[in-house]
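Along the sequence shown, residues carry numbers from 1.
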Amino acid sequence: MNVTGLFEAHLTVADVQRSVAFYADVAGLALAYDLPERGAAFLWVGGRGQGMLGLWSIGSAPMNMRLHVAFATPLEDVLAAPERLRAKGVEPLSFFGEPATEPSVIGWMPAAAVYFDDPDGHSVELLAMLDGPARPELGIVAWSDVP
């Protein structure tokens, strides 16, 4: 067996249509399939057949909790994310959950990431792997603090 990636993630939400609109508007995901009779909708991540996000109304899914999902994103989009999120009325956050104007850099990966909450409080991450070796000695710092 050789696992090569994560194909899908599922979140419970209070209002499926509100969340479909949010993920379409903020993350640019396309609706793949809507099942209103089951209180569910599915969105393509990265294009048809590349990945999927399932949204389930509370009560139709097996669990209800705050969850986290990370989307692989080109670096230029991660760098532009704080401004773009703010323009859509969404607060960009650092790795530590504080308001941010730039990505956080996770030295051990290394990666750049911006976080935000969806309408149900789920943590959403836009992440770009960075070129070069891992730098765990950096810890987690703001983009502008990387030497």
Side-chain angles (χ1 to χ4, degrees), residues 1-33 40-58 60-147:
M1 181 183 318
N2 182 21
V3 175
T4 61
L6 179 66
F7 182 77
E8 64 187 81
H10 296 264
L11 299 173
T12 56
V13 299
D15 181 329
V16 172
Q17 293 311 309
R18 176 188 69 180
S19 293
V20 166
F22 176 84
Y23 281 99
D25 184 46
V26 174
L29 304 187
L31 182 65
Y33 193 58
F42 304 91
L43 298 111
W44 291 122
V45 177
R48 180 180 175 83
Q50 293 184 16
M52 186 179 67
L53 177 65
L55 302 171
W56 299 83
S57 65
I58 294 171
S60 68
M63 63 185 99
N64 179 21
M65 62 183 73
R66 176 180 159 90
L67 301 172
H68 172 78
V69 62
F71 295 114
T73 309
L75 179 59
E76 58 271 13
D77 289 346
V78 172
L79 294 171
E83 184 177 328
R84 289 181 180 163
L85 289 168
R86 241 184 248 93
K88 294 181 179 292
V90 176
E91 181 73 50
L93 303 170
S94 73
F95 176 89
F96 301 105
E98 300 164 346
T101 58
E102 61 185 333
S104 296
V105 172
I106 305 162
W108 71 266
M109 293 179 77
V114 173
Y115 302 79
F116 56 95
D117 291 337
D118 81 357
D120 290 282
H122 297 300
S123 170
V124 181
E125 178 181 2
L126 303 176
L127 180 135
M129 293 299 293
L130 299 174
D131 293 332
R135 297 178 59 193
E137 71 279 3
L138 285 179
I140 299 167
V141 298
W143 177 260
S144 61
D145 291 338
V146 175

Pair D120-T12, side-chain donor/acceptor within less than 3.5 Å: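 D120 vs T12: no donor-acceptor pair found between side chains.
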Note, [X] side chain near [Y] side chain (heavy atom, < 4.5 Å):
X: I140; Y: S94; value: no
X: F22; Y: V90; value: yes
X: W56; Y: H10; value: yes
X: K88; Y: D25; value: yes
X: P147; Y: R135; value: yes
X: V20; Y: L55; value: yes
X: L127; Y: T73; value: no
X: M52; Y: F7; value: yes

What side-chain donor-acceptor pairs closer than 3.5 Å can you find for residues 40-47, not counting sequence neighbours?
none

What side-chain donor-acceptor pairs closer than 3.5 Å can you find for residues 77-84, not counting sequence neighbours?
{"unit_1": "D77", "atom_1": "OD1", "unit_2": "R84", "atom_2": "NH1", "d": "3.3"}

Side chain to side chain contact (heavy atoms under 4.5 Å, CB included) assessment of D117 paired with V124: CA-CA 6 Å; D117 291 337; V124 181; over 6 Å; no
Closest non-hydrogen atom pair between E91 and F116, with its separation: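 In terms of heavy atoms, the two residues are closest at O-CB, 3.6 Å.
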Shortest non-hydrogen contact from A112 toward L75: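 The pair with the smallest heavy-atom distance is CB-CD1, 4.0 Å.
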Test side chain to side chain contact (heavy atoms under 4.5 Å, CB included) applied to V146 and L138, step by step: CA-CA 8 Å; V146 175; L138 285 179; 4.3 Å; yes
Distance in Å, S57 OG paired with R18 CZ, rounded so as to fall on 0.5 Å steps: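 If I round to the nearest 0.5 Å, the distance is 12.0 Å.
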S123 side, atom OG; D118 side, atom CG - distance, nearest 0.5 Å: 9.0 Å
Distance-only criterion, 3.5 Å: show the donor-acceptor pairs between side-chain atoms of residues 96-107 and protein atoms not counting sequence neighbours.
{"unit_1": "E102", "atom_1": "OE1", "unit_2": "S144", "atom_2": "N", "d": "2.9"}
{"unit_1": "E102", "atom_1": "OE1", "unit_2": "S144", "atom_2": "OG", "d": "3.1"}
{"unit_1": "E102", "atom_1": "OE2", "unit_2": "S144", "atom_2": "OG", "d": "2.8"}
{"unit_1": "S104", "atom_1": "OG", "unit_2": "F95", "atom_2": "N", "d": "2.9"}

Any donor-acceptor pair under 3.5 Å from H122 side chain to H68 backbone: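 Answer holds: no.
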Intermediate values then yes/no, side chain to side chain contact (heavy atoms under 4.5 Å, CB included), L53 and Y23: CA-CA 9 Å; L53 177 65; Y23 281 99; 3.8 Å; yes
